[in-house]
Every structure is written in C-alpha cells, then in structure tokens.
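Since we're looking at a predicted model, the values are computed, not measured. Each chain gets a letter, A, B and so on, in the order the sequences are listed, and its residues count up from 1.
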There are 2 protein chains.
Amino acid sequence: MTDQQKDTEQMILNAARKVFIEKGLDGARMQEIADEAGINKALLHYYFRSKDKLFGMIFQEELGKFFPKIISVMSSSEYSLEDKIRAFVNDYISIFIKNPFLPSFILRELQRDPENLRQFIVKSGFDVSSVKFVITNLSNQLNMTFDEARHFMINMVSLCIFPFAGRPLIEKILFSEDKSEYNQFLEERKVIVAEYIIRTLKTGK
Amino acid sequence: MTDQQKDTEQMILNAARKVFIEKGLDGARMQEIADEAGINKALLHYYFRSKDKLFGMIFQEELGKFFPKIISVMSSSEYSLEDKIRAFVNDYISIFIKNPFLPSFILRELQRDPENLRQFIVKSGFDVSSVKFVITNLSNQLNMTFDEARHFMINMVSLCIFPFAGRPLIEKILFSEDKSEYNQFLEERKVIVAEYIIRTLKTGK
DNA sequence: GTCTATACGGTGATAGAC
DNA sequence: GTCTATCACCGTATAGAC
C-alpha cells in the first residue's frame, strides 16, 4: 500500500468518524463525509464499497475506545480497592473528556441495532468475562452478593458516562451559556465521583 | 372535531410515537408509521402536514414525560430528605419501567438537535428554575456548595437513567439471555439506588 | 376524510474517462 | 487512484378522485 493510498484512506476514516459520530448512521450523508475529506463520493465507495461497511469500521473503532481498558486494573491485587476505584473513574472520565460524543454515539447506535452487538464486542477485543470476574472479586471483598456487586459496578459506570450522554439537557437546565463551566464540572467529576463511591463503602451496606 | 377525526388523529399519534421512539427522526419512515396506524401516507400529511411537524408533537409529549414531575416534592418540607430521595428515585425509575425507550429517545434526539431545546422545555411546561431551587435547598440542608449539590443531584439522576439508556450493552455483557432478569434488576434499583444515595449522606462529605 | 397515483428531490451506488 | 456523469431507488409530499 502506497503512502498516498494510506493517506486517502485515513482522511476518509477521519472524515467518516467525525460525521458518523455527530449524525449517526441514519443521519450521516456520504456527500458530507466526502466534503469533509475533501474528495468526492465515488472515492468513498472505491475504498469502502458501501456506507454500511464504512460505518462498521468506525463503529468498531469507537466501541474499542468505549470499553474501559482499565477494567483489568480493578482485579489486580497491587492497589487498594479505593485506589483502584480512583484510577478507574479518573481514566474513564478522561477518555470521555477527550472524546465527548463517544457515549452518545455508542448508545445511539446500540439502540438502533442491538442484534449485532455480540460480534462487534468480540471483534473489538474486549474480554466480557473479565468484567464478570471483577464483579465476583468485588462481591468477595465487600461481602456482597454478585447481584449487589453488579449494581455497584453499574452505578460507577453510570456516574462516569451519563453526564456526557445527557450533556445537552443538563447543561441547558443547570449551567450557564459558558461552555467552560460544564467542562470544569466534568473535570471535577474525576475526583468527586470516585470519592462519592468510596463513601458508600465506608458505611455498612 | 368529530369522534372519527379524533380517533384517526390519535391512532396516528400512537403509531408515530411507537416508530419515532424506536427509530428516531432520521430512522423513521412515514410509510412505517402509516402501516402501524393502518392507514396510508397521504393521510399522515393531511393531519400533520409534514414529518417534522408530526415528530415535534411526539417529542414534545415525551419530553414532558421525561422531566421528573416529582422534582417539586424534593423541595417540600413535609418529608425528611431521605424519604424525598426514596420517593424521587422510586417514581422516576417507575416511569422508565413503564416507558423503557424514553431515555434513549430523548437523549438521541437532543444530541441530534440541541438548539431547539430551550423552546421545547418551555412548551413542555417544565419549570427549570424549580430544579435550581431544589439544588439550592439541598446545598443548605447538606452543608454543601451549590456546585457540590449539583453533582449530587446529577448523580441521582444518572443512577436512575443510565441503566435504561445503556441497557443493550449492559444486558449483553452482564446478564443472561432471559429478559426478565434485567427487568428484575431494574425493579431492584427503585430501592437500591435510593439507599445507595442515602448512604453517602451518612458519612461526612 | 380517505384513498390511489404521481411528482419531486435526494441519496447510495456504479460506469467510464483520464 | 481520482474524477464527472448518471442510474436506480427510496422517501416526503402533493394532486385529484371519491
């Protein structure tokens, strides 16, 4: 593959990523992706055959980003549980600060087509069983049932993700016009959410 | 307006609600709505002029459901703070159990078009300032800053909503094929989330 | 009010020149 | 590999009969 090919392909992917994440599969237009990439529609099909194929590439990539890579840290024995929670929350929220529309994108497209999810998860290289393993560990450490630990885990993830997925609404209702205020708020959550969760552990369940 | 008119109009709205909520504005087809309502496309336009207009009706309605009506209860002085939290969480989660796709729908469409949000909120009759009032009250009762109380409030809402918006993903990763298991899980959260939040109040911040 | 038929624009995809 | 031109289809919207 020549450099030129690689460049064009990459430019297309970058353009597609931007448009698909903002508009979704249904809302995106091949013309808009072509414009964004500075080429024409025909070339999109030359490289990726169809809109669906191109979308698949992007979705796969983004799903990979979405899955918390640090999940395995949660099951290590090197750090205290509290520090693991701090690391998880901090890293996960940081990912979304870097990719603010990632949560909305993933949630939207999963809703649109939940059927193919399993194969996408497999291809993304995410190890589903590791999450169950983490939860089992949690249930042991915290004297909880598996079900309770699952609630706990999902609570943690909810607190990280929702302020991104619900940003338009929350921001309009509870924040000023100044976007930096909400960004500041998200920044604060790296610490606040972790401490909030840890606090629940200090009282008996 | 005759009964017949009212019936047809209502049938269209019911069909449109179902299709729009599932597919979103971009994914929905007027043909599908017509089929669902047992009529033809032309009649849709006769009653609602355009797809956008029809969508607006539905979105407006659903946004009204989405806003927690019980928010004012939070600022009453009749119940203890803990009981108010229990009531809020219980009622809010109950709404989503009855309307499981409401959160995804609202979040998706807000993401698509955040601009017109303000006017939609106004028309939905939701009083934005009441939320700020509740948060101010919270900050007084809990010896917090406004900013901290806002985090607290958003945490509470996150824990209620996210398990619905993220259901396809969570269910696939952490639950069995049996749908009733996840429904049971959501049912449990009416109590678990409230107690989880209350627990954070019992340790000093 | 409700239907069938159709106009009209847009969109994904392909053909073919260079 | 990249472009222009074009096709075939689909989706919204309207015309007009009943």
Peer 1: Could you check whether B:F55 and B:F20 have their ring centres less than 6.0 Å apart?
Peer 2: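 Under 6.0 Å, so yes.
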Peer 1: Hey, do the aromatic rings of A:Y92 and A:F88 have their centres closer than 6.0 Å?
Peer 2: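 Between A:F88 and A:Y92, which both carry aromatic rings, the centre distance is below 6.0 Å.
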Peer 1: Look at the side-chain N and O atoms of B:N40 and state whether any lies under 4.0 Å from the OP1 or OP2 oxygen of C:dT2.
Peer 2: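 Indeed not, no polar side-chain atom of B:N40 lies that close.
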Peer 1: Using a heavy-atom cut-off of under 4.0 Å over every strand shown, decide if A:A34 touches base, sugar-phosphate, or nothing.
Peer 2: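 If one applies the 4.0 Å heavy-atom cut-off, A:A34 turns out to touch nothing in the nucleic acid.
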Peer 1: Under 4.0 Å from any atom of DNA chain C, heavy atoms only: list the residues of residues 11-23 of chain B that qualify, in numerical order.
Peer 2: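 Within this stretch, nothing sits under 4.0 Å of the strand.
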Peer 1: For A:K53 and C:dG12, give me the distance from atom NZ to atom C1', rounded to whole Å.
Peer 2: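 The distance from NZ of A:K53 to C1' of C:dG12 comes to 14 Å, rounded to the nearest Å.
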Peer 1: Under a 4.0 Å N-O cut-off, is there an ion pair linking A:R118 with B:E177?
Peer 2: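 Salt bridge: yes.
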Peer 1: Pairing donors with acceptors under 3.5 angstrom, does anything connect the side chains of B:D35 and B:Q31?
Peer 2: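 Yes, a side-chain donor-acceptor pair sits under 3.5 Å.
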Peer 1: Grab the CZ-P distance between A:R49 and C:dA13 for me, whole Å please.
Peer 2: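 Taking CZ of A:R49 and P of C:dA13, I get 9 Å after rounding.
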Peer 1: What's the CG-P distance between A:L44 and C:dG12, to the nearest Å?
Peer 2: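 Taking atom P of C:dG12 as the reference, CG of A:L44 is at 10 Å.
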Peer 1: Would you say C:dG12 has OP1 or OP2 under 4.0 Å from some side-chain N or O of A:S50?
Peer 2: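 Checking C:dG12 against A:S50, no side-chain N or O comes under 4.0 Å of OP1 or OP2.
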Peer 1: What is the distance, to the nearest angstrom, from the CG atom on A:D35 to the P atom on D:dT2?
Peer 2: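 Result: 16 Å.
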Peer 1: Between D:dC3, D:dT12, C:dT2, which one does the side chain of B:K41 approach most closely?
Peer 2: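 Output: D:dT12.
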Peer 1: Rounded to whole Å, how long is the line connecting atom OH of B:Y47 with atom P of D:dA13?
Peer 2: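 Distance, rounded to whole Å: 18 Å.
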Peer 1: From the list D:dT14, C:dG12, C:dT2, which nucleotide is the closest neighbour of the side chain of B:H45?
Peer 2: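 Nearest nucleotide to the side chain: D:dT14.
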Peer 1: Round to a whole Å and report the spacing from CZ of B:F55 to C1' of D:dG11.
Peer 2: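 In whole Å, D:dG11 C1' lies 17 Å from B:F55 CZ.
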Peer 1: What nucleotide, of D:dC3, C:dT11, C:dA13, holds the atom closest to the side chain of A:R29?
Peer 2: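 My answer, after comparing the listed nucleotides, is C:dT11.
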Peer 1: What do you reckon, are the aromatic ring centroids of A:H151 and B:Y196 less than 6.0 Å apart?
Peer 2: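 Ring-ring flag for A:H151/B:Y196: false, centres at least 6.0 Å apart.
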Peer 1: Measure CG/B:D52 against C1'/D:dA13 and give the value in whole Å, please.
Peer 2: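 From B:D52 CG to D:dA13 C1': 12 Å.
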Peer 1: Under 4.0 Å, counting only non-hydrogen atoms across every strand here, what does B:I39 touch: a base, just sugar-phosphate, or nothing?
Peer 2: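 Sugar-phosphate, backbone atoms only, no base.
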Peer 1: A:K51 has a side chain; which of C:dG12, C:dT2, D:dA13 sits nearest to it?
Peer 2: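 In terms of side-chain proximity for A:K51, the closest of C:dG12, C:dT2, D:dA13 is C:dG12.
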Peer 1: Can a donor-acceptor pair be found between the side chains of B:N90 and B:R189 at a distance below 3.5 Å?
Peer 2: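 There is no such pair between these side chains.
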Peer 1: In whole Å, I'd like the distance from the OH atom of A:Y46 to the C1' atom of D:dC3.
Peer 2: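 From A:Y46 OH to D:dC3 C1': 13 Å.
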Peer 1: So does A:E78 pair up with A:K84, basic N to acidic O under 4.0 Å?
Peer 2: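 Salt bridge between A:E78 and A:K84, a charged N being under 4.0 Å from a carboxylate O: no.
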